[in-house]
There are 2 protein chains.
Amino acid sequence: MNDQTLVTDKWRAAYAARRLAEFTSRCRERGLAITPQRVAVMRVLVASGDHPRAETVFAKLRKEYPNISLATVHRTLETLCAIGEARKVTPLHDSARYDGNTAPHHHLVCVRCRKIRDIDVPEFNDLLHGRQSLGEFQLLGCAVEVQALCGECRRAANSGVRTPNSRGQTHNLKQRITREGETLWRKH
Amino acid sequence: MNDQTLVTDKWRAAYAARRLAEFTSRCRERGLAITPQRVAVMRVLVASGDHPRAETVFAKLRKEYPNISLATVHRTLETLCAIGEARKVTPLHDSARYDGNTAPHHHLVCVRCRKIRDIDVPEFNDLLHGRQSLGEFQLLGCAVEVQALCGECRRAANSGVRTPNSRGQTHNLKQRITREGETLWRKH
DNA sequence: TATCGGATGATAATTACTATCACCCAGGCG
DNA sequence: CGCCTGGGTGATAGTAATTATCATCCGATA
Ligand SMILES: [Mn+2]
Ligand SMILES: [Mn+2]
Ligand SMILES: [Zn+2]
Ligand SMILES: [Zn+2]
């Protein structure tokens, strides 16, 4: 883990050009219409090395498309994630989750119901190998989040219920999800 | 990384008892008042193995303290994090952050301004060693989040500006923080 | 036990989405 | 190329999760 581990702007620029070139055909494959807004959101996102939030993408787009709606930006970003053209860096961002366990440990997270279990993998506790800094950054620690499907959700997924957070053309169906193990209903 | 990596309920029960026993003296050291609400939030949190959200803690507390306020629960949970008696599993939960880079990579996050930089550490890409499951969970992947302080924030921290998210006795001072690199002002 | 500053409860305000719905336009068809 | 049609969009209302405000309370110390 040396300074080369920081991804460079140069790499990203070339990567962005390639991804953008493929984008319209990817939409066509998926049956998604190629609208100026959709392309623009993709272009701004893929050109950003800073993991922007919807507001930030919106702000950049407004200069070019003064009439674009923030809702469209939110929708489009979720669509891009759903078709695998983007990812959310913050899959657990919907509400803050607290932990009384201050011992060093890591987490196993069900991507569907967001159940979180503690795991203790000694190997994960020294991933930084005592390294104190990386470029301009002073390193403080690291957290491993293992994405998984819990038993309950695996069964549900197999029986054909769609996974949550996969926004698509059908926003109007209710889905059973569990949050922290409690069962509740949420619109999607 | 075998099944023993899942932390057991038994371990947690013993751990919870110990943490709770130390709690009042820890508050005293920090100059924090020992209120029934504060102790109760700590007790519920440390007894929970499920990384609850504020609402969930609130629901459990209400049975015992019908008059406790949800705001108090939010405040107290943040206080516990600030003094190191708890941690937030979701440090980036405040707004969704998107990434146009779908190549496998991991992230370096400034804990203060929430800048996120890509890092590519080949070693991090095989932490699961091809393992497909853990207990009831089907493993899908994993993400490493390296917590750090960026250069700008390190300088700010050294010059005595308090870190964000450290709720304490002084909620009423404004702080300069940057979000995704943009500079903005936020009340605290 | 009196004092006082931090803590709390009630509630208003804010932030970040998410739903609704009328209208629009991309893409298939002739 | 000019209609059709359903997904896409903009405007806006609604919701969930905090966060701020402030009068009142009460734990800590003297
Ligand atoms: Mn934990
Ligand atoms: Mn990234
Ligand atoms: Zn699950
Ligand atoms: Zn920073």
Side-chain angles (χ1 to χ4, degrees), chain A residues 24 27-28 30-41 52-59 61-62 65-81 83 88 90 92-98 164-165 167-175 179 184-188, chain B residues 24 27-41 52-59 61-62 65-83 88 90 92-98 164-165 167-175 179 184-188:
Chain A
T24 52
C27 283
R28 218 166 284 131
R30 296 271 187 172
L32 294 181
I34 297 158
T35 66
Q37 294 91 333
R38 196 166 273 166
V39 174
V41 169
R53 19 184 246 123
E55 273 286 338
T56 309
V57 173
F58 176 64
L61 286 171
R62 271 215 135 161
Y65 299 91
N67 293 322
I68 197 167
S69 164
L70 176 56
T72 298
V73 177
H74 276 288
R75 277 186 301 234
T76 305
L77 287 169
E78 286 300 321
T79 302
L80 293 179
C81 290
I83 66 174
K88 207 185 275 198
T90 49
L92 285 171
H93 92 282
D94 55 344
S95 63
R97 301 284 292 267
Y98 297 90
N165 289 348
R167 308 284 292 274
Q169 27 284 60
T170 44
H171 286 210
N172 41 1
L173 87 166
K174 288 203 173 189
Q175 287 198 259
R179 175 140 71 170
L184 54 97
W185 287 86
R186 165 175 275 196
K187 272 173 290 178
H188 232 234
Chain B
T24 53
C27 283
R28 218 166 285 132
E29 285 168 23
R30 296 272 189 172
L32 294 182
I34 297 158
T35 67
Q37 294 91 332
R38 195 166 274 166
V39 174
V41 169
R53 19 183 245 124
E55 272 286 338
T56 309
V57 172
F58 177 64
L61 285 171
R62 271 215 134 160
Y65 299 90
N67 293 323
I68 197 168
S69 164
L70 176 56
T72 298
V73 176
H74 276 287
R75 278 186 301 233
T76 305
L77 287 169
E78 286 300 321
T79 301
L80 294 179
C81 291
I83 66 174
K88 208 184 271 198
T90 50
L92 286 172
H93 92 283
D94 55 344
S95 62
R97 302 284 291 267
Y98 297 90
N165 289 348
R167 309 284 292 274
Q169 28 283 55
T170 43
H171 286 212
N172 41 359
L173 87 165
K174 289 201 173 190
Q175 286 199 259
R179 177 140 70 169
L184 55 97
W185 286 86
R186 165 175 273 195
K187 271 173 292 178
H188 231 233

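In this text, all values refer to a predicted model and were calculated from it rather than measured experimentally. Below, chains carry the letters A, B, ... as their sequence lines are ordered, and counting in each starts from 1.
- Across R28(A) and I34(A), no two heavy atoms sit closer than the pair NH2-CD1, 3.5 Å.
- Atom CG of L70(A) and atom P of dT18(C) are 11 Å apart (whole Å).
- Computed from coordinates, the L77(B) CG to dT18(D) C1' distance equals 12 Å when rounded to whole Å.
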Enumerate all atom pairs, one protein N or O and one N or O from nucleotides 12-14 of chain D, separated by less than 3.5 Å.
none

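- Atom pair R30(A):CZ and dG6(D):P shows a separation of 23 Å (rounding to whole Å applied).
- The side chain to side chain contact (heavy atoms under 4.5 Å, CB included) check on A96(A) picks up Y98(A), K88(B), T90(B), H93(B), with sequence neighbours excluded.
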Close N or O pairs between protein and nucleotides 24-28 of chain D (under 3.5 Å):
| residue | atom | partner | partner atom | Å |
| --- | --- | --- | --- | --- |
| dA28(D) | OP1 | I34(B) | N | 3.1 |

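- DNA chain C is contacted by both Y98(B) and T76(B); T76(B) maps to the nucleotide lying nearer its 5′ end (nearest heavy atom per residue).
- Listed by chain and number, the residues in a side chain to side chain contact (heavy atoms under 4.5 Å, CB included) with T35(B) are A33(B), Q37(B), R38(B) (sequence neighbours excluded).
- Here dC17(C) is the nucleotide among dC17(C), dT18(D), dG9(C) with the atom lying nearest to any side-chain atom of R53(A).
- Backbone-only contact: I68(B) has heavy atoms under 4.0 Å from sugar-phosphate atoms and none from a base.
- At its two ends the helix from dT1(C)-dA30(D) to dG30(C)-dC1(D) runs along axes set 40° apart, each axis drawn from five pairs and the angle rounded to 10°.
- In this structure, CD on E55(A) lies 5.0 Å from CG on L70(A), to the nearest 0.5 angstrom.
- Proximity note for R38(B) (side chain, C-beta onward) versus dT18(C), dT8(C), dG10(D): the nearest is dT8(C).
- Counting any heavy atom pair closer than 4.0 Å across all strands shown, A54(A) reaches no nucleic acid atom.
- Here dT18(D) presents its C1' atom at 16 Å from CZ of R97(A), a figure rounded to the nearest Å.
- Taking 4.0 angstrom as the limit, H93(A) places a side-chain polar atom (N or O) nearer than this to OP1 or OP2 of dC17(C).
- Applying the 4.0 Å criterion to OP1 and OP2 of dT8(C), one finds that R75(B) has every side-chain N and O outside that range.
- Atom CG of D94(A) and atom P of dT15(D) are 18 Å apart (whole Å).
- A straight line from CD of E78(A) to C1' of dC17(C) spans 10 Å, rounded to a whole angstrom.
- What separates CG of N67(A) from P of dC23(C) is a distance of 17 Å, to the nearest Å.
- Among residues two or more places apart in sequence or in another chain, the side chain to side chain contact (heavy atoms under 4.5 Å, CB included) test is passed with A40(B) by R43(B), L61(B), Y65(B).
- A pairwise comparison of heavy atoms in P52(A) and V57(A) identifies CG-CG2, 3.7 Å as the closest pair.
- Distance OG1/T79(B) to CG/L77(B): 8.5 Å, rounded to 0.5 Å.
- Atom OH in Y65(B) sits roughly 17 Å away from atom P in dA7(C) (whole-Å rounding).
- For the residue pair V73(B) and F58(B), the shortest heavy atom distance occurs at CG2-CD1, 3.9 Å.
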